[in-house]
Protein chains: 2
Amino acid sequence: MRRMPVNDAFFLMLESRRTPMHVGGLNLFTLPKDVDDASFLGKIGDILRYDGELRRPFGEKLKTGPLGIAGNVYWEDDEELDMEYHVRHSALPKPGRYRELFSLVSRLHGSLLDRSRPLWEMHLIEGLQNRQFATYFKAHHCAIDGVGAMHLMMSMYSTNARNKVKLSPLSYEAYQAYKQQIEAGKQANIRPRNEEVRAISDVLREQLGGTVNVARAVQDMASVWMGRNTGVSVPFHKVPRSALSTQLTGARRFVAQSWDFARVRAVGKAFGGTLNDAVMAMCAGALRKQLQAQRALPKHSLKAMAPVSLRAAGDIDSANAIGMVCVDLATNLRDPARRMRTIKESMDAAKAQLEQLTPREIQIYTGISQAPMLFTQLLGLGSRFPAFSTVISNVPGPREKRYWNGARLDGMYPVSIPFDGAAVNFTLVSNFDKLDFGIIACRRSVPHVQNLIEHMEEALVELEDAAGLRTPSGRRRKAPKRKASRPKQAKTAK
Amino acid sequence: MRRMPVNDAFFLMLESRRTPMHVGGLNLFTLPKDVDDASFLGKIGDILRYDGELRRPFGEKLKTGPLGIAGNVYWEDDEELDMEYHVRHSALPKPGRYRELFSLVSRLHGSLLDRSRPLWEMHLIEGLQNRQFATYFKAHHCAIDGVGAMHLMMSMYSTNARNKVKLSPLSYEAYQAYKQQIEAGKQANIRPRNEEVRAISDVLREQLGGTVNVARAVQDMASVWMGRNTGVSVPFHKVPRSALSTQLTGARRFVAQSWDFARVRAVGKAFGGTLNDAVMAMCAGALRKQLQAQRALPKHSLKAMAPVSLRAAGDIDSANAIGMVCVDLATNLRDPARRMRTIKESMDAAKAQLEQLTPREIQIYTGISQAPMLFTQLLGLGSRFPAFSTVISNVPGPREKRYWNGARLDGMYPVSIPFDGAAVNFTLVSNFDKLDFGIIACRRSVPHVQNLIEHMEEALVELEDAAGLRTPSGRRRKAPKRKASRPKQAKTAK
């Protein structure tokens, strides 16, 4: 039995039937040539059902005292681990398009995990067209964060199509091997100790004396709230109430799409910025179009929370190692180029601030600046006092083509968490030569989520035009290769 | 907007993520000859997605005041009714046996309904072998009870294989037509008024003065608790703690099986009893075997709650019109014949008591005798003070073969509610010449639920032997016809 860090346990407290707090990942594969699909998937299922020693906490369940999750929370071994429960075989109805896949993932992501068992489910999904199959992995955010989940899936992949992997990605053995492989395990853990985050106000009081940098960051934040502009966006400040700042319902709608890495990076570069700046601008442009179509574009600009990973390189142990920056999406600006530049400036200011801090200081600062959000979420006021309008999160993924027992990995689409006040979440993984976007939204608050995919493409084209990256005939100078094996038609999204 | 009766709202209060309070039904069909499965199911899906005027409360959602569901609860029209959300197309992975079907239904039944929408889901399931398909309908018990759900499905069936039905079973029109068809709508509604059930202690006080019969029933119940045996089993009295009296977890396991109506009735008759007595004895024998195999058979006999429908013939309006009797399952007796006779005596005594009461009195009596259960459930003490050990519920169904747009109805398997202290529920529908059993249990508390099916068959054979209904060679005198189109192999159950 071991105690769950308090910042992990937050996610149990924040959870309700309207707002499940699990993260997910949809991975898409093409079957190897010359295999029988049923027997291949049967073997994959057997690997996943391995019930020997599992990596923590995937063989552990919650244990609480008389106060329930409001008190101390522990992980303890589940003596009756039932892998048939956790590993599930599903199928798509005909015709087995991405539309049917997204529909299934939307449903699976909308239901709560069973708190009397280890907090994860793995779904093996058959019935896709073109010899594809999929896995959807779902785990509670108190057990793992998005980056951790991505590492977990990565541990089963190989760069060699002929490699056979017999280990379950959830096994302790696979975890150790993966850790060694990425030369990890020697780095210091940069997560704050429990005492540091238990009472954020205590931390604030304690830290402000000794830690000059955190004090400076808090002062910067206070300056913005006081009206002196430092270029840094802060949570809650001038965040408009919009169609995205709703109280969520429990149902979700998920869509996924891939874009060429090179294409998005070229846009970032053309504006003197980064790939991530261009990603923000794509999402900003899409949200502007979406809200305009609903006649619901707010006068003030939307703000996005962009989580920043605080993992030391090679740290794959921490369940939650996330800091946050708040970015101005400039959705009030009509001109795509001006919007892009404003976003870049906002990102640069936030990064400049973070660069003055050590990772531990960043997390304490994030804790301080996000603390009010915890209270608004717990009190159900998230929709009335939104801390930000949406979350846009970029997770670094594999840089080479990957295979799982010969099955080609075609896409890694994250499925994250919308919450009260931020009804849609964009999370992307950079996967070899693609950016794999997973967009998850409250089904009721955000109608026509599938249109966001089209709007993102339109926003990207506008930025390419503004940057002179397209010829006058309207074609991009360097046409990117699109693979048939990825979701590419916004029309198929559902 | 209309107020939800308090006895319906109870089911919202009793619900938790460990104990969802919805009822379900799995219906099994064979596709008509010469139809293309995809286009046939497509049409069925279109019918089900009808979003015109729906029968109440299937187009309505919950509305509560500041006290939430602890205060007054109302139904109000859902202005954003989203039929794509409610009607879901699912598929089974290969090889599409009943095992895969039961596995899917187990999962679907274990997740909570979305309280921000009308409280039902309809799943159309493809991918079964032998040209079969299935529907799984799920609705909150505050909206409909098991008998009501059965009527709802019945409204779309015809005795004529060539009949085409264009109406959704959820439509107001289908509901009216069905009501007329069974010559209903003229009967008095026998449900107690809200005031009568709002505070059961008040009812008790009020009624004891004027209603002699209820007073007598309460006296009988008190006699049993005081140790004077009147032959009537009462809730809580000498109910042993057993492997079934557990705190539930959220996951479920569902299995289904059909038996010949004639075969079970013959056993009842041979012992001078009813079909229902024989059903109780089958379940009792199976539970005895199951607990023996777990070395967990309690010394005292298990008790079953048997819901009694209080609907006036033709009343298909009431959401919840249920009384209850408590039956001694005599699981402490080794001899099947003695067990059967004890069960029959217990049933007879309970029925004799109920016969002295009017339906309204029965419901008040049930309210009184079950009231402590409500409190033990709400306080989470159901597993420590079990009111009974299991629920065995017999729902009258169609007496003739039925078709849905030409698709033959092969089975109607109810999926009911296990709860704290009664971790397994047996519900059956008498359907033409079969008894269709649906058995639903907490996945963790009741291991190997599929074995119950085998044990029920063994218990039935033992009763047939004891009654001399089988020849010395071990074959039944009158071999029943079993159809290949129904779940019949316990081995396929999962």
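Letters go in sequence order (proteins before strands), and every chain restarts at 1.
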What part of A:Glu126 gets within 4.5 angstrom of chain B, counting heavy atoms only: side chain, backbone, both, or neither?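 Side chain of A:Glu126 only, per the 4.5 Å heavy-atom cut-off to chain B.
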One pair to check against side-chain contact (heavy atoms from CB on, under 4.5 Å): A:Arg253 and B:Glu84. What are the steps and the verdict? CA-CA 11 Å; A:Arg253 213 191 281 258; B:Glu84 293 282 339; 5.7 Å; no
Closest contact, heavy atoms only, B:Arg17 versus A:Leu113: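 Residues B:Arg17 and A:Leu113, closest heavy atoms: NH2-O, 2.7 Å.
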Minimal non-hydrogen separation, A:Glu80 against B:Arg444, with atom names: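 Smallest interatomic distance, heavy atoms only, reads O-NH2, 3.3 Å.
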Just grab all the salt bridge (charged side-chain N to carboxylate O under 4.0 Å, His left out) pairs involving residues 108-123 of chain B, residues at least two apart or on different chains.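 Qualifying pairs, neighbours excluded: B:Glu15-B:Arg115, B:Asp82-B:Arg117, B:Arg88-B:Glu121, B:Asp114-B:Arg117, B:Glu121-B:Lys138.
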Which answer fits B:Ser111, side chain, backbone, both or neither, if we ask what part of it has an atom under 4.5 Å from a heavy atom of chain A?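 The side chain, not the backbone.
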Look up atom CG in A:Leu92 and atom OG in B:Ser90, then write down how far apart they are to the nearest 0.5 Å.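 Output value for this atom pair is 9.5 Å.
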For the OG atom of A:Ser106 and the OH atom of B:Tyr85, what is their distance to the nearest 0.5 Å?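 Answer rounded to 0.5 Å: 11.0 Å.
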Which residues in residues 41-49 of chain A have any heavy atom lying under 4.5 Å from a heavy atom of chain B?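 None at all.
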Between chain A and each of B:Pro93, B:Ala251, B:Ser116, B:Pro95, count heavy-atom pairs under 4.5 Å; write down the option with the most.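 The option with the most such pairs is B:Pro93.
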